[in-house]
Amino acid sequence: MPAHRLLRPSGPIGLALGISGAVAMLATLPYAVRKRWELLAKLGSTKGWLEVHIFFGIIGPVLVTFHTSFKFNGLISVGYWLMMTVWA
């Protein structure tokens, strides 16, 4: 299948999904930092920061799931399922 080369986890689309998912999950961190740094506390409302935090917290794991092509095996899958348990 020609689409398999593109969509598999090591293919160009699969890699883009994995990287995007990882970046999205890292994008949830500024919300926690904002609560501790006074400089960031002055930027935007808490509600706005929380909405961005929730958005990326949902999108990140979804993108990572698509990156894996819905195949979960090995030691990495244990970490994935623990993350999904926390997420749920």
Side-chain angles (χ1 to χ4, degrees):
M1 277 195 265
H4 176 67
R5 281 193 299 273
L6 297 172
L7 297 173
R8 68 182 178 203
S10 62
I13 294 174
L15 285 173
L17 288 168
I19 292 168
S20 300
V23 169
M25 287 189 284
L26 288 173
T28 63
L29 296 176
Y31 175 72
V33 173
R34 180 196 184 272
K35 294 192 297 184
R36 289 170 178 75
W37 287 4
E38 290 184 30
L39 178 64
L40 290 178
K42 297 174 185 175
L43 298 174
S45 68
T46 303
K47 181 183 178 205
W49 282 73
L50 180 61
E51 287 177 3
V52 170
H53 174 81
I54 292 170
F55 174 77
F56 284 123
I58 292 171
I59 293 299
V62 169
L63 291 173
V64 170
T65 301
F66 279 106
H67 160 70
T68 65
S69 301
F70 297 93
K71 294 179 183 169
F72 308 103
N73 52 12
L75 184 60
I76 298 297
S77 69
V78 174
Y80 174 81
W81 287 113
L82 289 172
M83 178 189 70
M84 293 307 289
T85 302
V86 170
W87 181 71

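One-based numbering along the sequence shown. Here the structure is a predicted model, which is why all the values come from computation and not from measurement.
When all heavy atoms are compared, the tightest approach of Gly60 to Ala24 is CA-CB, 3.7 Å. For the residue pair Pro30 and Ala27, the shortest heavy atom distance occurs at CD-O, 3.2 Å. Nearest heavy-atom pair, Pro61 versus Met84, reported as atom, atom and distance to 0.1 Å: CB-SD, 3.9 Å. The minimum heavy-atom distance between Val33 and Leu40, with the atom names listed, is CG1-CD1, 3.9 Å.
Residue Val23 is not grouped with residue Ile59 when hydrophobic side chains (ILVMFWY) are merged at heavy-atom distances under 4.5 angstrom, including chains of intermediate members. Following chains of ILVMFWY side-chain contacts shorter than 4.5 Å, one cannot reach Ile19 starting from Met25, and the two form parts of different hydrophobic clusters. Transitive grouping of hydrophobic side chains (ILVMFWY, heavy atoms separated by less than 4.5 Å) brings Val62 and Ile13 into a common cluster.
A donor-acceptor pair under 3.5 Å links the side-chain atoms of Trp49 to the main chain of Leu43, judged by distance alone. Panel note: side chain His67, backbone Gly14; a donor-acceptor pair is recorded below 3.5 Å.
For residues 8-30, the pairs satisfying side chain to side chain donor-acceptor pair (under 3.5 Å) are Arg8-Ser10, with sequence neighbours left out. For residues 49-70, the set of pairs meeting the salt bridge (Lys or Arg N to Asp or Glu O under 4.0 Å) definition, not counting sequence neighbours, comprises Lys47-Glu51.
Applying the side-chain hydrogen bond (donor to acceptor under 3.5 Å, both in side chains) test to Thr65 and every residue at least two apart in sequence or in another chain returns Tyr80. Remark: Ser45 engages no residue in a side-chain hydrogen bond (donor to acceptor under 3.5 Å, both in side chains) (not counting sequence neighbours). Qualifying side-chain contact (heavy atoms from CB on, under 4.5 Å) partners for Leu26, counting only residues two or more places apart in sequence or in other chains: Leu29. Under the side-chain contact (heavy atoms from CB on, under 4.5 Å) criterion, Thr46 pairs with Tyr31, Arg34, sequence neighbours left out.
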